[in-house]
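Remarks on the structure that follows.
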Amino acid sequence: MQYDPKQIEPKWQARWAEAKVAEVDVTAPGDKFYMLNMFPYPSGDLHVGHGRNYILGDALYRFFRMQGRVALNPMGWDAFGLPAENAAIKRGIHPREWTQGNIAREKKQFERWGILYDWSKELASCDPEYYRWNQWLFLKLYERGLAYRGKAPVNWCPSDQTVLANEQVVDGRCERCGSEVVQRELEQWFFKITDYADRLDDGLDMLDQWPEKVKLMQRNWIGRSIGADVDFEVPSLHKSLRIFTTRPDTIYGATFMVLAPEHPDVAALVADNPQRAEIQKWIEGVKNQSNLERQEAGKEGRFTGKTATNPFTGEQIPIWLGNFVLMQYGTGAIMAVPGHDQRDFEFARQYDLPVRVVVTPGGTPAPSPAEMAEAFVVKDESAVSVNSGSLSGLATPKAIETVIGEIESRGIGRRMVRYRLRDWLISRQRYWGTPIPMVYCEVCGIVPVAESQLPVELPLDVPFTGREGNPLAKDPRFVNTTCPKCGAAARRETDTMDTFVDSSWYYCRFITPRDQTKIFDSRLVNRWLPVDQYIGGIEHAILHLLYARFITRTLHDMGLVEFEEPFQRLFNQGMITKEGYRDPSENMSWVALNEVEWRDEKPVRKGSGHELVAEVGKMSKSRFNVVPPDELIERYGADTERVYTLFIAPPEQEAAWSDDGVVGASRFLNRVWHLGQQLLEMSGSGDAGPVSSDRMIRKMHQTIDAVTARMQRFQFNTAISALMELSNAIGEYVSAGGRDTKALRVAYTALLQMLHPLAPHITEEMWELLGNGGFILVAPWPVADPALMLEDVVTIAVQVNGKLRGQIEVAAPPTEESVFAAVNASEKIQQWVTGKQVVKRIYVPGKLVNMVVK
RNA sequence: GCGAAAGUGGCGGAAUUGGCAGACGCGCUGGACUUAGGAUCCAGUGGCCCAAAGCCGUGCGGGUUCGAGUCCCGCCUUUCGCACCA
């Protein structure tokens with residue numbers, strides 16, 4: 001019988017579904033394992049690169065199940081978001097229909113890949129039964145003062161007509177559409193994530209099963225800085241300006257101050273300046289610049305005309321405005337220490353402001369400011385304060401402690417911790433999202449919707465014009481309501497929530513997804529969470545994971561969950577890339593694959609014959625390098641795609657897809673199939689044949705040992721190569737005439753079981769053909785016998801002066817005596833030794849001998 | 001600029017603690033079986049050399065060691081992250 005994946009794959013997919021093999025009773029006892037792939041945005045088009053992510057998760061899920069864990073592997077849909085709304089505008093399909101269609105397609109694709117999810121727990125964030133709990137969560141955060149409305153400069157994308165989070169602005173442009181982002185002042189809803197900045201930073205230390213890279217990215221994003229706030233008096237205005245610094249020890253070198261152009265005290269500072277008009281104009285110009293333009297402009301500033309008192313030197317120092325000082329960070333004002341801060345140094349040189357050296361590398365004299373080419377910014381134990389009053393002579397860490405003490409005792413400031421992290425702006429001026437459950441009453445002001453009135457549902461029959469912003473705001477039936485408090489006419493909030501709110505707690509909802517009475521069942525969530533293994537792309541290293549960690553802590557503080565970290569172990573899979581072709585003669589435009597032809601092993605463009613440039617990169621339609629799974633499955637089967645995907649490279653690494661490489665995986669599965677057929681044909685003849693099966697059985701035990709360890713460590717590529725070796729060993733036994741069907745059956749069955757997580761269909765089929773009952777999926781994982789792993793003859797490498805000169809074979813177990821006896825008996829080795837003096841003999845037990853001769 | 005990771009055959013990649021570099025697979029070469037082969041099976045495949053013996057070989061240059069892909073020092077290249085955050 002031929003291996004025919006087209007026949008067997010749908011058969012087993014149907015059987016798994018019928019038997020509901022992946023459904024978990026969350027109340028049943030057992031050693032739980034919560035496996036989770038980040039729920040996807042349903043775009044409808046999955047390619048082999050996406051496949052890697054889910055195949056990886058499924059392989060692990062099946063492996064842990066076979067190891068006896070009660071494994072839960074749920075799946076859902078991050079179903080709100082802009083693309084659905086854009087589709088509505090472009091094609092006139094309602095976002096809900098578009099989304100549901102995509103969900104159906106992706107679900108079908110998962111099935112075709114042979115991926116097992118517990119579909120009884122499926123959820124979609126656009127379902128009112130889900131997003132009502134988003135709204136409930138919002139109300140709870142509001143009660144606790146963690147959701148607030150504030151006026152803030154926001155990033156506005158003129159093309160998408162919406163506000164963007166800082167995270168969604170990349171190089172001053174909209175992450176999604178690439179338009180240049182402008183600043184606007186708007187009333188927005190925020191979550192107070194900054195209240196949790198310390199806990200989010202400290203918590204990273206506990207996450208010992210997270211990639212270091214992700215933790216570092218989160219640390220940088222939170223940007224915790226320890227320093228001090230210090231007040232500088234402005235005598236002419238009888239008030240003070242507060243600054244934040246991480247280097248209070250350099251305060252004797254503060255020769256001027258710089259304020260952000262948006263600083264609230266600017267107007268007072270320039271009020272009587274004759275150049276006021278020009279300064280105002282300059283400020284307006286800076287304000288209108290995007291962050292990107294501001295940086296490209298270089299450092300610019302204006303003198304306010306006023307001075308402040310340096311509290312330590314007593315000197316009057318000029319107060320400047322500077323475009324490089326950010327209002328959003330710290331106090332929006334700095335003390336400038338040009339000697340020890342590169343930015344201040346550049347500003348000082350540009351405007352000819354004094355530079356003073358107050359820290360030196362230990363033991364060296366202070367350089368003359370005029371000769372300095374850059375600021376001296378070392379702040380470890382090696383740096384020492386000079387020209388700094390009582391601080392002089394102290395190493396920097398000590399100087400910082402000392403000066404903070406003085407600042408506090410003089411009452412001019414205090415120790416301060418500040419963060420780069422800002423509050424999470426969740427308002428979106430968009431339709432396809434969770435309506436924020438708030439009402440504006442003319443009498444009572446801002447009033448939360450009563451819990452009993454949830455969900456605030458999205459009206460479905462609204463027009464999508466793509467102009468004039470959010471359709472919700474134009475729908476009087478939605479907007480007009482009554483105040484929950486006083487009953488007067490009121491207006492609904494028309495902003496919807498950032499979709500990162502949806503994804504920041506969905507992993508809890510999966511445990512009790514149909515609960516109509518509460519967000520989730522705390523008792524069961526505490527049993528199943530944290531997620532044992534979370535898998536997803538590195539693109540979520542900051543946003544999603546930080547928000548999820550934040551929301552989990554708020555749930556913890558509300559007493560709803562016992563844990564603070566939602567994801568115990570995190571894995572980021574690498575991207576699958578593929579070469580695409582660009583035409584240098586046409587402005588490096590991407591060329592469709594059917595336009596490419598090969599001449600002398602070089603890609604050229606059909607017709608023009610122009611030579612093309614191949615470039616390996618992310619799969620995307622615009623590069624014409626997407627590999628859709630359909631043809632692949634049609635031709636080779638899903639099991640082949642799975643094995644190739646896992647074999648291609650270590651899963652955390654980026655990997656280039658090769659159409660040729662797929663053939664190797666296909667051949668391997670064909671060989672496994674063929675071996676099974678041969679075994680079936682042999683049917684228990686008593687004759688064991690001319691060769692011993694010991695070698696094969698030994699290989700089996702070695703393979704069980706290796707594969708078990710490698711699966712646990714995500715080393716699927718080397719697990720597969722070990723299985724290929726076992727398959728080759730079984731094949732060699734059979735072609736040498738081995739007919740011990742009992743041994744063959746043992747070895748082959750172990751091969752099938754270990755292969756099952758990687759190639760589930762073919763292994764179920766052969767398991768059945770061999771007469772086993774039930775699913776191979778639920779058969780216990782094979783166990784290696786260490787005694788049977790040992791070789792009876794050991795090969796030992798022999799080096800002379802560190803160079804390999806031969807190999808010897810010794811009966812197991814090798815001893816130092818038996819090994820050197822064999823070395824002395826080997827002519828090949830002795831020719832390198834005779835006539836020389838053996839200075840040293842090194843013996844690495846069971847592995848290697850090195851003779852050092854002179 | 002700062003931070004992190006990675007450089008191994010024609011290609012993807014192997015190589016617990018320093019211990020036979022190139023497992024496994026692709027491709028390629030030769031052969032078998034075939035009407036045919038983009039099927040299957042067998043053999044070979046890091047470089048130099050007709051071959052053997054031997055020599056060379058893990059980005060480059062040093063070092064430690066009996067022994068270095070692995071450890072140390074100094075470079076080079078690539079990728080990713082951050083980027084006026086005081």
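So that the names make sense, note that chain A is the first sequence line, chain B the second, and so on, each numbered from 1. If you're wondering where the values come from, they're calculated on a predicted model, not measured in any experiment.
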Exercise for the section: Considering only atom C1', compute the distance from C28(B) to C76(B) and round it to an integer number of Å. Expected result: 33 Å

Which atom pairs link the protein and nucleotides 78-80 of chain B when you take only N or O atoms and keep those under 3.5 Å?
from, atom 1, to, atom 2, distance (Å)
C80(B), O2', K213(A), NZ, 3.2

Practice task
For V325(A), answer base if it contacts any base atom (sugar-phosphate contacts may also be present), sugar-phosphate if it contacts only those atoms, and nothing otherwise; contact means non-hydrogen atoms under 4.0 Å.
Solution key: base

Exercise for the section: Treat a base pair as Watson-Crick or G-U wobble with both distances under 3.5 Å, then lay out RNA chain B in dot-bracket form, 5' to 3', with | for cross-strand pairs. Expected result: (((((((..(((......[....)))((((((.......))))))(((.....)))..(((((..]....))))))))))))....

Polar atom pairs (N or O), protein with nucleotides 38-44 of chain B, under 3.5 Å:
from, atom 1, to, atom 2, distance (Å)
G38(B), N2, R635(A), NH2, 2.7

Problem - Sidechain-backbone polar pair: E816(A) side chain, Y843(A) backbone, donor-acceptor under 3.5 Å - result: no

Practice task
Return yes if some donor-acceptor pair links the side-chain N/O of N625(A) with the main-chain N/O of K618(A) below 3.5 Å, else return no.
Solution key: yes

Fill in the blank from the handout: Sorted by number, residues from residues 717-725 of chain A placing a heavy atom under 4.0 Å from RNA chain B are N717(A), T718(A), S721(A), M724(A), E725(A)

Practice task
Determine the contact category for L326(A): base if any of its heavy atoms lies under 4.0 Å from a base atom, sugar-phosphate if only primed atoms, P, OP1 or OP2 are that close, otherwise nothing.
Solution key: base

Practice task
Return the nearest nucleotide to the side chain of Q807(A); candidates are C20(B), A86(B), G54(B).
Solution key: C20(B)

Practice task
Provide the distance between the two C1' atoms, one in G22(B) and one in G47(B), to the nearest whole Å.
Solution key: 13 Å

Problem - Nearest-angstrom distance, C1' atom, G46(B) to A14(B) - result: 15 Å

Which pairs would a plain distance check flag for residues 704-712 of chain A, meaning a side-chain donor or acceptor within less than 3.5 Å of a matching protein atom at least two apart in sequence or in another chain?
from, atom 1, to, atom 2, distance (Å)
T708(A), OG1, I704(A), O, 2.6
T708(A), OG1, W781(A), NE1, 3.0
R710(A), NH1, T718(A), O, 2.9
Q712(A), NE2, Q67(A), OE1, 3.4

Fill in the blank from the handout: Taken in chain and number order and not counting sequence neighbours, the residues that satisfy salt bridge (charged side-chain N to carboxylate O under 4.0 Å, His left out) with K215(A) are E212(A)

Problem - K379(A) with D249(A): basic N within carboxylate O range, under 4.0 Å - result: no

Practice task
Tell me what G298(A) touches on the nucleic acid: a base, only sugar-phosphate, or nothing, going by heavy atoms under 4.0 Å.
Solution key: base

N/O donor-acceptor pairs under 3.5 Å from side chains in residues 572-580 of chain A, not counting sequence neighbours:
from, atom 1, to, atom 2, distance (Å)
N572(A), ND2, G536(A), O, 3.3
T577(A), OG1, A655(A), O, 3.2

Problem - Whole-angstrom distance between U16(B) and A21(B), as gauged at atom P - result: 14 Å

Practice task
Scan S658(A) against the nucleic acid and name what it touches under 4.0 Å (heavy atoms): base, sugar-phosphate only, or nothing.
Solution key: nothing

Exercise for the section: Could you tell me whether the side chains of N310(A) and Y252(A) share a donor-acceptor contact shorter than 3.5 Å? Expected result: no

Handout entry: Rounded C1' spacing from G67(B) to G18(B) in Å
Key = 8 Å

Between protein and nucleic acid, restricted to nucleotides 56-59 of chain B and to nitrogen or oxygen atoms under 3.5 Å apart, what atom pairs and distances do you find?
from, atom 1, to, atom 2, distance (Å)
C56(B), OP2, K803(A), NZ, 3.0

Completion exercise
In terms of heavy-atom contacts, I762(A) and L669(A) come closest through CD1-O, 3.5 Å

Fill in the blank from the handout: I334(A) has its side chain closest, among A86(B), G13(B), C24(B), to A86(B)

Problem - Any R294(A) side-chain N or O less than 4.0 Å from OP1/OP2 of A83(B) - result: no

Problem - RNA chain B contacts among residues 838-853 of chain A, heavy-atom distance under 4.0 Å - result: K840(A), I842(A), V844(A), K847(A), L848(A), N850(A), V852(A)

Exercise for the section: Go through the structure and list residues passing salt bridge (charged side-chain N to carboxylate O under 4.0 Å, His left out) with E725(A), not counting sequence neighbours. Expected result: K699(A)

Problem - Residues in salt bridge (charged side-chain N to carboxylate O under 4.0 Å, His left out) contact with K6(A), at least two apart in sequence or another chain - result: E634(A)

Practice task
Quick one: list whatever passes salt bridge (charged side-chain N to carboxylate O under 4.0 Å, His left out) with D231(A), sequence neighbours left out.
Solution key: R242(A)

Exercise for the section: For A52(B) and G74(B), measure between their C1' atoms and round to the nearest Å. Expected result: 42 Å

Completion exercise
Classified by glycosidic angle (syn within 90° of 0, else anti), G9(B) comes out syn

Problem - Distance test, side-chain N/O of N728(A) to OP1/OP2 of G25(B), below 4.0 Å - result: yes

Practice task
Ignoring backbone atoms, establish whether Q653(A) has a side-chain N or O less than 4.0 Å from OP1 or OP2 of G13(B).
Solution key: yes

Fill in the blank from the handout: Side-chain atoms of R420(A) come closest, of A83(B), C20(B), C84(B), to A83(B)

Problem - Geometric cation-pi criterion K299(A) and F347(A), 6.0 Å radius, 45° cone - result: no

Practice task
Classify the angle between the aromatic ring planes of Y644(A) and W657(A) as parallel (below 30°), tilted (30 to 60°) or perpendicular (above 60°).
Solution key: perpendicular

Problem - Rounded P spacing from U70(B) to U58(B) in Å - result: 9 Å

Practice task
Would you kindly say whether E791(A) and Q702(A) are connected by a side-chain donor-acceptor distance under 3.5 Å?
Solution key: yes

